[in-house]
Every structure is written in structure tokens, then in C-alpha cells.
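Single-structure report; data block below.
If you read the sequence from its start, that first residue is 1, and numbering goes on from there. From a predicted model like this one, the values you see are computed outputs, not experimental measurements.
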Amino acid sequence: MNKIALLVSALLTLSASAVAQDKPFGIAIHGGAGTISKANLTDEQIKAYQDKLKEAVNKGHAVLAKGGDSLEAVKVAINVLEDSPLFNAGKGAVYTFDGGHELDASVMDGNTMNAGAVAGVRHIKNPIDLAIDVMDKSAHVMLSGDGAEEFALTQGYQLVPQSYFDTEQRYNQLLKAKQKLTEKELATKDYQASLMALDLEYKFGTVGAVALDKQGNLAAGTSTGGMTAKRFGRIGDSPVIGAGTYAENNVCAVSATGHGEYFIRYHVAGDICARVKYQDKSIIQAADEVINQRLITAGGTGGVIAIDGRGNIATPFNTEGMYRATQRNDEPANVMIWKDI
């Protein structure tokens with residue numbers, strides 16, 4: 001009788017292990033959407049973007065493959081992009097109108113529905129890390145500016161100088177943007193009109209990640225330097241839960257990149273998940289409807305990465321390109337910039 005019991009116990013253990021191994025997991029990342037012209041990128045530049053995207057998705061996927069948490073996978077993937085001058089987040093953040101840097105980030109845990117965000121921080125090397133600490137170690141969802149950095153100091157952060165975020169490419173972008181803004185404002189006497197006249201490349205650029213772990217938990221995170229030449233403490237969609245970031249277990253996780261004002265107005269990340277949850281639409285259909293129908297009809301440009309509780313991934317965008325990469329289960333990473341490659 002004892003032998004039979006031991007045999008049954010062993011079979012149950014093997015069965016549970018097999019089920020665990022069969023559970024889907026995956027990650028998707030983005031490095032921003034916009035006017036990404038093949039003609040303006042050399043082969044070396046394209047490879048640099050592809051290599052960094054692959055590094056980020058591989059690091060996040062490695063966490064998941066070992067049974068790690070989706071939130072940790074999102075964090076490590078975004079850290080890679082924040083530390084690279086290629087992207088508008090962390091080290092490569094764009095300049096404000098006054099020649100500084102103001103960074104935003106947010107994260108959401110689909111298991112607990114907890115969220116954390118920071119806005120307008122100026123001395124935080126990896127804003128996504130602080131967003132996670134706001135979620136886990138404060139009583140709040142969003143902290144901004146000096147207050148967010150004061151909280152960071154209580155958590156042992158080392159503040160970095162503004163010069164840490166400086167890059168020549170972004171500074172040249174600022175000079176061009178300010179020239180266009182000044183010319184348009186002089187002609188129209190209208191600040192809003194001058195801002196809207198800027199090319200898409202000046203209006204947005206963001207990094208983000210969404211992940212599903214083997215435990216079935218979803219998470220999403222987004223980090224950005226915001227809009228080139230932004231003024232008056234402007235904050236976009238990236239730190240706004242439901243606009244730039246959203247996650248709910250058994251539904252979906254979304255990270256957005258685009259013209260933030262539209263993503264806030266149209267509640268883009270939350271809208272996609274609501275369509276999955278309440279209308280029983282696939283993640284691919286829901287994301288496409290919001291990005292390529294509702295948003296584009298309103299005049300909004302950009303894209304999202306999204307993953308559902310079964311590991312299905314959607315990466316729609318309505319711009320020329322979107323830096324992105326995906327990796328599911330034991331499959332190799334898929335890295336793309338345009339529709340075809």
C-alpha cells in the first residue's frame with residue numbers, strides 16, 4: 001500500500017512539473033515609434049538598434065525562462081534601454097526647451113493591480129526602478145519632481161547630474177526643434193500651433209516592456225525622456241496608468257509609445273485591455289482597433305506592445321516604424337523596426 005501511495009505521489013509530482021513547463025510565458029519590448037526612415041539610417045545604425053533590442057528582450061526573457069517574476073523581467077529589459085543612448089529614456093533622454101532633462105516612468109503589476117509612477121525627475125539614472133519603489137515602498141501611485149527625488153534619497157538612490165543624460169544627437173535635435181518652434185510661433189503668435197507643427201520625431205520616443213511569467217502574472221512598464229523642447233513641466237502618457245501603461249492578470253498588459261496627449265485623452269492602454277476583458281476580443285484585434293482606428297481617426301500617432309494571459313502578443317503602430325522585439329516560450333527573439341523587418 002505504501003509503495004502504491006509513493007508511486008501515485010511521484011506521478012502527481014511529474015504531472016505537476018509537466019504542466020508547469022507547458023505554461024506559456026513571454027515578453028515584448030519597444031524602443032519608441034515614429035518617423036523611422038530606412039533612408040536616414042546606415043546599416044551600422046540599424047544593427048546597433050537591433051543588437052540593443054535583442055539584448056534587452058533576451059535579458060527579460062532569461063528571467064522568465066528561469067521561473068522569475070514578470071515585473072522583474074520588465075525592469076531588467078527596460079534598464080538595458082534606459083542605459084543606452086540610442087533611445088529616448090535614461091541616458092538618451094531628449095532635452096527640454098531650457099536645455100535640461102525631465103524623465104517619466106510607470107509600472108503596473110497585473111497580479112496585485114498595484115502601480116507606481118514618477119514624473120519630471122531630473123537626477124534618477126533609471127526612472128523605472130524608482131517607479132517600482134514608489135509602488136512597493138510608498139503609499140502613493142505617482143510622485144513628481146523634487147518630491148520624487150526626495151523619496152528616492154530615502155530609498156538609498158544616488159542622484160546623477162543632469163549631464164549624465166546629455167548626448168550630442170539629442171542636443172542637435174533640440175536646436176532644430178527650437179528653431180522650428182520659434183519660426184512658427186513668430187508667424188502665428190500661437191504656441192499651440194507651433195508645437196503641433198513639429199515633426200513626429202520631436203514629439204515622442206519612449207521605451208517599454210510587457211511580460212507574462214510562468215505563474216500567469218502580467219506586468220507592464222514604460223520609461224521616457226518625453227517630448228523634445230517640452231516646456232512648463234509637460235508630462236505625457238508614460239507615467240499615467242491607463243494611458244501609457246496598464247496590466248491586469250488574465251486580461252492583458254500594455255506599454256505605449258506615441259504622442260502622449262492623445263494617449264492620455266483616449267486612455268489607450270486601458271481601452272485595449274477593456275476591449276479584451278469586456279468585449280472578449282483578442283489582444284491583436286483590440287490593440288489594432290485602438291491604434292489603427294480610434295486613435296488614428298482622432299489624429300493620434302504611435303503604437304503599443306501588448307501581451308495577454310495566454311502569451312499572445314500584439315505590436316501595432318500607425319507610424320513609419322517602431323523599434324520592438326518579442327520572445328515567447330523557448331522560441332528565439334524576433335526583432336523588428338518596420339512593418340516587414
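Rounding to the nearest 0.5 Å gives a distance of 8.0 Å between OG of Ser282 and CG of Asp308. Atoms CZ and OG1, from Arg324 and Thr326 in turn, are 8.5 Å apart once rounded to the nearest 0.5 Å. Between Ile272 atom CD1 and Tyr266 atom OH the span is 14.5 Å, to the nearest 0.5 Å. Atom NE2 of His259 is separated from atom CZ of Arg265 by 7.0 Å, given to the nearest 0.5 angstrom. For the atom pair CG (Leu64) and OG (Ser70), the distance works out to 7.0 Å, reported to the nearest 0.5 Å. To the nearest 0.5 angstrom, Ile27 atom CD1 is 13.5 Å from Arg328 atom CZ.
Put simply, the side chain of His140 never gets that close to the backbone of Met135: no donor and acceptor are under 3.5 Å apart. Glu102 places no side-chain N or O within donor-acceptor distance of the main-chain N or O of Gly226, the cut-off being under 3.5 Å. Listed for the Trp338 side chain is no donor-acceptor partner under 3.5 Å among the backbone atoms of Ser37. The backbone N or O of Gly92 lies less than 3.5 Å from a partner atom in the side chain of Arg170, making a donor-acceptor pair. Panel note: side chain Asp104, backbone Pro239; no donor-acceptor pair is recorded below 3.5 Å. Judged by distance alone, the side chain of Lys137 and the main-chain N or O of Gln155 form no donor-acceptor pair under 3.5 Å. When atom types are taken as modelled, the side chain of Lys230 and the backbone of Val94 share no donor-acceptor pair closer than 3.5 angstrom. Listed for the Asp98 side chain is no donor-acceptor partner under 3.5 Å among the backbone atoms of Gly100.
No side-chain N or O of Asp237 forms a donor-acceptor pair with one of Tyr262 less than 3.5 Å apart. In summary, the side chains of Thr206 and His30 do not present any donor paired with an acceptor at a separation below 3.5 Å, with no hydrogens or angles considered. Between Ser255 and Thr222, the side chains place a donor N or O and an acceptor N or O closer than 3.5 Å (distance only, hydrogens not considered). With hydrogens and angles left out, the side-chain atoms of Asn217 and Asp69 include no donor and acceptor closer than 3.5 Å. In this model, a donor atom of one side chain and an acceptor atom of the other lie less than 3.5 Å apart for His123 and Glu149.
For Gln327, the side chain to side chain donor-acceptor pair (under 3.5 Å) criterion is met by no residue, not counting sequence neighbours. In this structure, the side chain to side chain contact (heavy atoms under 4.5 Å, CB included) partners of Asn126, at least two apart in sequence or on a different chain, are Asn79, Glu82, Asp83, Asp129.
Minimum heavy-atom separation, Ile313 to Ala28: CG2-CB, 3.9 Å. The heavy-atom pair separating Lys75 from Ile128 by the smallest distance is O-CG2, 4.4 Å. When all heavy atoms of Glu72 and Val63 are compared, the closest pair comes out as CG-CG1, 3.9 Å. When all heavy atoms are compared, the tightest approach of Ala287 to Val304 is CB-CG2, 4.2 Å. What you find for Phe263 and Ala243 is that their closest heavy atoms are O-CB, 3.5 Å. Looking at every heavy atom in both residues, Ala89 comes nearest to Ser223 through CB-O, 3.6 Å.
Inter-residue side-chain proximity for Met108 and Met113 is flagged as met; some heavy-atom pair is nearer than 4.5 Å. Here the side chains of Cys273 and Val254 are in contact, with some heavy-atom distance below 4.5 Å. Ser84 is listed as a side-chain neighbour of Lys52, based on a closest heavy-atom distance under 4.5 Å. Between Leu175 and Tyr171, the closest side-chain pair of non-hydrogen atoms falls below 4.5 Å. Using a 4.5 Å heavy-atom threshold, the side chains of Leu295 and Asn318 count as touching. Side-chain atoms of Ile305 and Met322, non-hydrogen and from C-beta on, do get closer than 4.5 Å to each other. Contact of the Asp213 side chain with the Phe25 side chain is not registered, since no non-hydrogen atoms from C-beta on lie closer than 4.5 Å. For the pair Ile36/Leu41, a side-chain contact is recorded, criterion being any heavy-atom separation below 4.5 Å from C-beta on.
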- Task: Show your working on side chain to side chain contact (heavy atoms under 4.5 Å, CB included) between Asp288 and Gln293 and close with a plain yes or no.
- Result: CA-CA 7 Å; Asp288 180 71; Gln293 295 178 39; 3.9 Å; yes
- Which is it for Asn312 and Ile307 under the side chain to side chain contact (heavy atoms under 4.5 Å, CB included) test, yes or no, and what are the steps along the way? CA-CA 6 Å; Asn312 299 308; Ile307 188 169; over 6 Å; no
- Message: Apply ring pair (Phe, Tyr, Trp, His ring centres under 6.0 Å) to residues Phe97 and Phe232 and explain how you reach the verdict.
- Response: CA-CA 9 Å; Phe97 189 88; Phe232 315 121; 8.3 Å; no
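No path of Ile, Leu, Val, Met, Phe, Trp and Tyr side chains, each step under 4.5 Å between heavy atoms, connects Leu71 with Leu218, placing them in separate hydrophobic clusters. Hydrophobic clustering places Tyr49 together with Val335 (ILVMFWY residues linked when any side-chain heavy atoms are closer than 4.5 Å, directly or through intermediates). Note on Ile132 and Ile78: same hydrophobic cluster, where clusters join Ile, Leu, Val, Met, Phe, Trp and Tyr whose side-chain heavy atoms are under 4.5 Å apart, directly or indirectly. Note: the hydrophobic cluster containing Val107 does not contain Ile241 (ILVMFWY, side chain heavy atoms under 4.5 Å, direct or indirect links). Taken together through direct or relayed side-chain contacts under 4.5 Å among Ile, Leu, Val, Met, Phe, Trp and Tyr, Val240 and Val268 form parts of separate hydrophobic clusters.
When each of Ile284, Val290, Ile291 is tested with Pro316 by the rule side chain to side chain contact (heavy atoms under 4.5 Å, CB included), just one qualifies, namely Ile291.
The 12-atom threshold is exceeded at NZ of Lys91, counting heavy atoms of other residues, nucleotides or ligands nearer than 6.0 Å. Annotation: Asn292, atom CG; neighbour count of heavy atoms from other residues, nucleotides and ligands within 6.0 Å is above 12. Counting non-hydrogen atoms of other residues, nucleotides and ligands closer than 6.0 Å to CD of Glu168 gives a total of 12 or fewer. The environment of CD in Glu150 is sparse: at most 12 heavy-atom neighbours from other residues, nucleotides or ligands sit within 6.0 Å. Residue Lys66 places its NZ atom among 12 or fewer non-hydrogen atoms of other residues, nucleotides or ligands, all under 6.0 Å distant.
Salt bridge annotation for Lys47-Asp43: absent, with no cationic side-chain nitrogen under 4.0 angstrom from a carboxylate oxygen. Between Arg234 and Glu261 a salt bridge is recorded (basic side-chain N to carboxylate O distance below 4.0 Å). The existence of a salt bridge linking Arg294 and Glu289 is excluded, since no basic side-chain nitrogen approaches an acidic carboxylate oxygen closer than 4.0 Å. Between Lys59 and Glu55, at least one side-chain nitrogen of the basic residue sits less than 4.0 Å from a carboxylate oxygen of the acidic one, meeting the salt-bridge criterion.
Through direct or relayed side-chain contacts under 4.5 Å between Ile, Leu, Val, Met, Phe, Trp and Tyr, Tyr157 connects to Leu103, Val118, Val121, Ile124, Leu130, Val134, Leu143, Phe151, Leu153, Leu159, Val160, Tyr164, Phe165.
Aromatic ring pairs are classed by plane angle as parallel below 30°, tilted from 30° to 60° and perpendicular above 60°; the pair His101 and Tyr95 is tilted.
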